[in-house]
Each structure stands twice: as C-alpha cells, then as structure tokens.
Amino acid sequence: MVTPSAQTSAARKAASAQQAALAELVDIACSHAESGLADMARRMVSALLDLTAAGLDPATVMRRVKSGNLLKDNGYAFTHLATSEIDAALRREVARLLPHVADAPAAAPATAAELSLVPLEQIDQQMALGAVSRPFDLQHSEGLATLGVRLGLLLGRDLVRAAHNPFRPDVFLAAVDAAWRQFEPDPEAHGLVAPLLRPGLMFDLGPLYEALVGKLKSRKGDNADTRFSKTDDRASRQAERARRDAALAQQLRQLFDPAVPEIPNLPQGSGGWRPSTASGFAVAPPASPEPAAGATAGPAAHPTMVYASGGAGSAALPASSAQPLIDLLARVGVAAPDAAPGVLVLPGLRASLPQGALSRADETTLDLLSRVFGSVLQDDGVAPETRELIGHLQLPVLRTALRDRSFFFQEAHPARRMLDLLSQAGWERPLDQDDPVYRAMHRSVERVRGQVDPEFDAAVADLEAGLAARDHIEEAAMAAPIAQAMRSEKRAAAERSARRAVALRMAGEQLIPAVSGFLEGRWSAALALAYTIEDSRPGAVDNATRTMEDLIWSVKPKATQEQRKALIARLPALLASLNNWLDATRWQDAERLQFFATLAECHASIVRAPIELLPERQLELALEAAQQDALRRVAQEQEEEREQARLQAEQAQAAASDPAAAALAGLERGMRLELSEAHIVRRVRLAWVSPLRTLYIFSGAGRQEAFSLPAARLAELLREGAMRVVAAEGVVGRILSAAVKPMPAMV
C-alpha cells in the first residue's frame with residue numbers, strides 16, 4: 001500500500017519536473033519576444049507619427065507626436081521594459097497552472113485590498129485589450145489549440161483551455177501595454193498604444209507557438225523519426241556479450257595463480273587497446289645473463305631445445321624452483337628453429353621443461369595458447385596457406401602473452417586481434433601467392449616472426465589495411481545490387497508509412513468524397529515519394545504532410561470572416577504545393593483537372609456562405625474547432641506511437657519464441673555461415689545487411705559469386721537448419737570459453 005507521504009513525494013517530484021518544463025517554455029517565449037520587440041518598436045513609432053487618420057483632435061495629435069518621438073529616441077529602454085513585463089507576466093500565468101502539493105503551506109488569507117472591487121478604469125482596460133486580442137486569437141487559433149493540448153499532456157490533463165493558456169495573445173498584449181504605461185510619463189498618453197496593437201504591428205506570435213509546441217513534442221520523443229525504424233537490439237546484444245566477456249574473464253582468472261591481483265577494467269571490443277599495467281601482469285624482459293668466463297656470448301652459447309611435440313628437453317634447466325617462462329625462453333635462445341609448416345610446437349615446449357620449472361600462471365598461459373593454436377591449426381576450414389602463417393606466430397604470441405596476460409582478457413589486444421583476423425581471412429582460400437589479402441597476411445606475420453619483443457600493433461595495422469582494401473573491392477563489385485536493394489526497401493517502407501499517415505490523418509474526418517478519395521489514392525503516392533527523398537531533400541515529408549493538413553483545413557466550414565480571409569490568402573500556396581507534388585508523381589490525366597474543379601467549387605461555397613453569428617460566437621466556434629483538431633492530431637500521434645510500440649513488442653516476442661528469428665536479428669556484417677544445399681555445404685560470409693534488415697547479401701568463400709537472400713527466406717533456412725552461423729566471435733574468445741572447463745594435463 002502506498003503511504004500518503006510517498007504519494008506526496010511523488011507528487012512533489014512530478015510538480016518539480018512540470019515546473020522546470022514550464023520554466024523552459026517561458027524562456028523560449030521570452031527569447032522569441034525579445035528578438036521581435038526592436039522591430040515592433042520601430043513600427044510603433046511609425047504608427048504613432050502617422051497623422052493621416054481622420055478625426056484626430058489637436059491634443060491627441062500633440063500626444064502622439066510627443067510619444068512617437070520619445071519612443072524613437074529611447075527604443076532600447078522600451079524593449080527592455082517590455083521584455084521584463086512579458087517575462088513576469090508569463091511566469092505569473094505559468095504559476096497558476098502548476099498543481100498544488102497536498103502538504104504545501106496553506107495560502108495566506110486574502111487581504112482587504114485583494115478583496116476590494118476592481119476599478120472601472122482597469123475593467124475598461126481589460127475590455128479594450130480583449131477586443132484587441134480577438135484578431136490574434138483567430139489568427140493563431142490552431143497554434144493555441146495545439147499548444148493547449150500539449151500543455152494538458154504535460155500537466156496530466158485533457159487540455160488547457162484557451163482562457164487559461166499562459167501563452168495566449170492577450171498576455172503578451174497586456175505586458176506590452178503595461179510596459180508602455182511605465183515608459184510614457186504622461187498619463188494622458190497611456191491609452192495610445194493599445195489600439196495600435198494589431199497583427200502586422202505586433203511581433204509575430206506564430207513562430208513562438210511553433211517553437212513551444214516543438215519543445216513539448218521533443219520532450220515526449222515525438223520528433224524521433226520512426227518512419228523507417230526497425231527494432232534494433234544491437235545495444236542489448238552488446239550488453240549481453242559484455243556480460244559474457246566479464247564472466248569469462250572472471251573464470252579465466254581462476255586458472256591463473258590466485259595470488260596474482262585481478263586486472264582492472266580495461267577497454268573492450270573496438271574501444272581500443274592498451275597494455276595492462278596491473279601488478280603481476282606486465283613482466284619486463286629479463287636482462288641477458290652475463291656469459292661465464294671463457295664462454296661464447298650469444299644464443300649459440302645456450303643449448304638448443306627441440307620444440308616439436310614429443311621432443312627432448314634440455315638437462316641444463318634446473319628443476320628445483322619455478323622460474324618465469326619468459327626468462328627460460330631468453331636463456332634457450334631468441335630464435336628457435338621453426339618446425340614443419342603448420343606444426344603445433346607449444347605442447348612440445350611444455351613437455352621439454354622439467355617438472356616444477358614453471359609457475360602456475362606461466363603453465364596456464366602455455367596451456368591456453370596450446371589450445372588456441374591447436375584448434376586453429378587443426379581447423380580444415382582455414383586454408384592451409386593461412387594455417388602455415390599462423391603456425392609461425394606461436395612463439396611471438398607466447399612471448400607477448402607472458403609479458404602482458406591481458407591478451408586473455410582483451411579482445412582488442414593486438415596479438416589476439418591478429419590471430420582472429422588471420423583465422424577469419426584464412427577462411428577464404430587465397431587465389432594464389434599474389435592474392436592481395438594473402439600478401440598482407442604474409443607481411444604482417446613476417447613483421448613479428450622471430451622477434452624477442454614482437455610489435456603486433458604495426459602488424460595488425462598492415463593486415464587491417466589489406467582486409468579493408470579487399471572489402472572496398474567487394475563493395476564496388478556489389479554496388480549495383482546494393483543500390484537496387486536499398487531503393488526497393490526504401491520504396492516499400494515509404495509506401496507503408498504514407499498509407500499509415502494518410503489513414504491516421506483522415507480518421508474521424510467528415511470530408512467530401514472528392515478530397516477523401518484524392519488523399520487515399522493520389523496523395524498517398526505523393527507522400528510516399530516524400531518519404532523516399534527525405535534523406536536527399538530534408539523537409540520533404542514535412543512539406544507534403546503540411547500540404548495535406550492545409551487541404552483538409554481548406555474544405556472545412558469557416559465560421560468567421562477572418563478565417564475566410566485566411567483561406568483566400570493561403571489558397572495560392574496550397575494549390576501550388578499540390579500541383580508540384582502531383583507533377584512529381586506524374587499524374588497528368590483528366591481526372592486531375594476534374595479534382596481541381598471540384599475543389600474550386602468547394603472553396604467558393606465556403607467563402608460565399610452567409611455569416612449570421614456575432615463576433616464573440618464566431619471566435620468561440622473557431623477556437624472550439626481548432627481545439628478539436630488539435631486533440632485529434634495528438635490522438636493520432638499517440639496512436640502511431642502505440643502502433644510502433646506494438647510492432648516492436650511483436651518483433652521482440654517473435655525473437656524470444658523463435659530461435660531462428662533471434663539468430664536472424666543477431667546477424668552482423670562479416671559473420672561466417674554454412675549453407676547446405678543438395679548435400680553440398682557452402683561457406684559464405686555476410687557481406688552486407690540492408691538498413692531495415694530485409695535483405696542480406698553474401699559473398700562465397702574462394703571468391704565465389706555473391707548472392708542475396710530476403711529476410712523471410714533466410715529465416716526459413718535458419719529454422720530448417722540449412723544455414724547456420726559458424727562462429728559469431730573471434731577464434732581466441734571461442735576457444736578460451738571452452739577452456740574455462742577443467743583442462744587435462746597437456747603433454
């Protein structure tokens with residue numbers, strides 16, 4: 001059961017968030033107002049000094065001239081006062097919207113002054129401002145209604161009514177009037193400005209309302225472009241892999257000497273590599289022992305060991321106490337003779353050492369690397385030429401791992417990455433010794449082969465450059481099918497998005513058949529085109545959507561003369577936009593001419609319809625209609641969000657219940673797979689995945705011709721077992737994962 005104190009705490013937290021959001025809106029509104037006040041002051045000067053109006057008595061003329069010159073000479077002071085008044089007025093209005101927390105201090109009792117009657121002068125002033133604000137209310141009825149609905153969502157209400165909207169026009173008008181009364185010292189001139197505050201003289205409130213609505217939409221994430229979205233669980237897969245890597249690292253640590261401190265958190269994956277400096281893991285190369293008197297210096301002075309499996313060891317090595325393996329390697333010589341190509345030499349090295357000659361950590365290092373190289377060198381899936389190259393890396397990698405055992409914990413360790421890259425690249429048999437990839441592999445191995453302190457960083461960079469050149473050639477070869485696949489995928493997604501957008505916009509509308517049929521048929525095609533070209537022409541979707549909105553608005557009844565004037569003013573731009581989009585879709589038949597003729601008749605009937613309502617009632621009807629439209633638009637947006645969430649939930653559920661769907665979602669470029677067809681197994685590499693993951697292009701091993709599979713067919717193959725992922729991670733990580741099980745002694 002939730003206690004009252006918990007409810008109060010939650011309410012207080014919610015109120016604080018709402019207060020911060022409203023304060024941010026006030027800052028936006030003040031910024032827009034301040035940017036327009038300077039130009040507004042200049043227009044006010046021109047209006048005050050314009051004496052062409054008939055019926056002005058001499059006293060009024062003198063006051064207007066005096067006030068106009070005063071404003072002309074002190075425009076900055078007036079804009080500063082107006083900005084301050086607007087800010088204060090908006091914050092007062094916003095404070096009235098905020099909810100009151102249950103345990104908030106009780107409001108102080110009203111004073112006698114607050115309970116006194118409002119002066120007649122103030123009532124007259126409010127009525128005058130109300131009349132002045134009416135044209136603004138009509139002009140910005142849509143923006144105000146949408147803003148009211150958005151504010152209602154922020155505050156947990158259905159909507160904020162026009163009379164309680166803190167950003168309604170009369171708040172700005174009253175603030176400007178109050179600033180003028182402070183600015184003008186002559187009380188007789190205080191009433192000069194209010195009658196002048198009309199659309200065209202006042203700064204434009206339209207962009208202000210658009211900015212406020214945009215900010216409220218962005219708080220809910222409505223601006224996120226989900227038109228071509230696809231459930232992307234790469235982040236969750238990466239997090240799961242990071243958890244597996246951490247668990248593997250912890251298990252591997254148990255294989256080493258427990259006295260060795262745990263290595264700290266290190267960058268993983270593509271985050272880069274740095275050598276470990278943790279105590280016990282960075283072993284400095286030992287100094288070369290001083291040769292005995294009369295002895296010959298250099299490697300030849302030491303006994304030579306046989307590294308092949310089952311070879312004899314050196315009797316010169318003491319067995320009385322454990323010694324660092326890196327020291328023993330230095331003592332037996334820097335350059336060990338190479339065994340036959342592809343032969344595993346590390347187990348022979350282990351067998352050649354006396355019992356107890358190594359520490360537990362060195363033994364574990366040697367055993368783990370024996371497993372790694374043994375698995376790679378015995379893998380028939382790796383080309384023999386590549387296995388021969390990898391065999392030369394056994395001693396260089398051993399020396400590196402002994403100096404820095406983060407080799408076992410960091411996927412991005414240069415030596416480990418080189419093994420992974422070679423095994424992956426070797427999966428495709430080179431065409432010949434002049435194959436660019438094989439040459440890059442050979443160069444990288446020669447860089448570290450036989451070195452006491454191998455520099456794997458440069459070798460990896462050389463190998464990566466060669467593989468990148470191979471990928472670039474592949475991409476160029478697949479450029480045409482990739483472009484065609486992307487066009488098809490984008491076109492299909494655009495058509496779905498366009499149909500959904502039109503259906504949501506028409507829901508609940510009572511439109512004439514000509515317009516509804518036009519939107520469902522011809523305009524869906526135009527909107528689909530807009531979705532398709534949005535990347536190359538940003539704003540195309542917004543333009544097409546706004547044109548659709550304007551068309552629907554234009555065929556609705558107009559209850560006021562101002563609305564009809566607005567219709568007449570907006571018709572040229574609307575018709576031009578409609579024709580531009582229809583030209584782009586190549587609709588040029590007689591049906592188009594008939595549609596525009598019907599549309600013209602509809603507009604004419606709207607403009608000519610008699611108006612028999614009082615101005616106040618006209619305003620009420622206009623605001624009510626705008627409010628209903630705003631509610632419907634927001635409801636459509638919420639419905640679209642719910643639909644998107646439902647689709648994502650269905651995809652997640654399908655992935656959870658269908659292993660093939662989960663495997664399909666986990667496929668990434670570069671992965672290797674096996675495809676079984678008619679008892680023939682083909683090894684392929686995933687070369688490209690379309691943005692929406694509806695098409696997959698594979699390149700065959702041995703430079704076979706590339707081929708593509710749609711998502712549905714690939715899922716079917718995975719479900720039937722005809723295609724499987726060979727290895728989703730690097731060879732070293734895969735082998736180390738198996739090595740955390742108890743290892744038998746290696747001989």
Side-chain angles (χ1 to χ4, degrees), residues 138 141-143 145-146 149 227 494-532 539-611 618 621-637 639-640:
L138 285 170
S141 58
E142 294 181 24
T146 303
V149 174
R227 292 186 289 264
E495 290 173 355
R496 289 194 303 269
S497 297
R499 288 193 299 269
R500 185 170 63 249
V502 171
L504 286 171
R505 182 58 186 85
M506 291 180 59
E509 292 285 4
Q510 299 295 328
L511 302 175
I512 60 175
V515 173
S516 60
F518 168 79
L519 291 175
E520 291 175 342
R522 298 298 179 178
W523 198 251
S524 291
L527 193 54
L529 174 62
Y531 280 117
T532 303
V541 172
D542 289 338
N543 181 276
T545 303
R546 187 167 55 252
T547 301
M548 176 174 63
E549 293 275 354
D550 289 346
L551 174 61
I552 294 174
W553 170 85
S554 71
V555 296
K556 290 183 178 181
K558 303 295 180 282
T560 68
Q561 195 63 37
E562 287 78 3
Q563 288 180 333
R564 297 179 179 186
K565 291 179 180 178
L567 171 61
I568 295 173
R570 290 165 62 173
L571 274 180
L574 170 61
L575 296 176
S577 184
L578 285 171
N579 280 294
N580 287 337
W581 282 110
L582 295 177
D583 288 343
T585 60
R586 303 182 185 278
W587 185 37
Q588 300 290 349
D589 56 21
E591 185 182 352
R592 174 174 170 175
L593 297 176
Q594 181 60 44
F595 165 73
F596 278 102
T598 304
L599 185 63
E601 293 177 2
C602 177
H603 289 155
S605 64
I606 291 173
V607 172
R608 295 169 183 166
I611 298 178
Q618 295 175 18
L621 291 176
L623 294 178
E624 182 68 22
Q627 180 177 284
Q628 293 301 320
D629 285 344
L631 285 170
R632 178 189 43 74
R633 285 196 300 270
V634 172
Q636 290 172 355
E637 292 172 2
E639 177 62 27
E640 191 168 0

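- Summarising the geometry of Phe595 relative to Val515, their closest heavy-atom pair is CE1-CA, 4.3 Å, with the distance given to 0.1 Å.
- Here the closest heavy-atom approach between residue Ala501 and residue Tyr531 is recorded as CB-OH, 3.7 Å.
- Separating the NE2 atom in His603 from the CG atom in Leu571 is a distance of 5.0 Å, to the nearest 0.5 Å.
- Among all heavy-atom pairs drawn from Ala540 and Ala530, the shortest one is O-CB, 3.6 Å.
- Among all heavy-atom pairs drawn from Ala566 and Trp553, the shortest one is C-CH2, 4.0 Å.
- Remark: side-chain polar atoms of Ser577 are not paired, donor with acceptor, to backbone N or O of Ala573 under 3.5 angstrom.
- When atom types are taken as modelled, the side chain of Ser605 and the backbone of Cys602 share a donor-acceptor pair closer than 3.5 angstrom.
- Residues satisfying the side-chain hydrogen bond (donor to acceptor under 3.5 Å, both in side chains) test with Asn543, not counting sequence neighbours, are Trp581.
- Looking only at distances, no side-chain donor or acceptor of Thr146 sits under 3.5 Å from a matching main-chain atom of Gly143.
- Taken to the nearest 0.5 Å, the CZ atom of Arg592 stands 7.5 Å off from the OG1 atom of Thr585.
- Thr547 places no side-chain N or O within 3.5 Å of a backbone atom of Leu574 that could act as its donor or acceptor partner.
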Just do the side chain to side chain contact (heavy atoms under 4.5 Å, CB included) check on Gln588 and Asp583 with the steps written out, would you? CA-CA 7 Å; Gln588 300 290 349; Asp583 288 343; 3.1 Å; yes
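- In this structure, Arg505 fails the cation-pi test against Trp523, since its NZ or CZ atom is not both closer than 6.0 Å to the six-membered ring centre and inside 45 degrees of the ring normal.
- One finds the CE atom of Met548 at 9.5 Å from the CE atom of Met506 (value rounded to the nearest 0.5 Å).
- Between the side chain of Arg522 and the backbone N or O of Leu582 there is no donor-acceptor pair closer than 3.5 Å.
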Take Leu599 and Val555, measure what side chain to side chain contact (heavy atoms under 4.5 Å, CB included) needs, and give me the verdict at the end. CA-CA 8 Å; Leu599 185 63; Val555 296; 3.7 Å; yes
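- Here the CG-CZ distance, from Leu527 to Arg500, works out to 10.5 Å after rounding to the nearest 0.5 Å.
- Remark: side-chain polar atoms of Ser554 are paired, donor with acceptor, to backbone N or O of Leu551 under 3.5 angstrom.
- Atom CG of Leu511 and atom CD of Glu520 lie 9.5 Å apart (nearest 0.5 Å).
- Contact record, Ser524 with Ala498: O-CB, 3.4 Å, taken as the closest heavy-atom pair.
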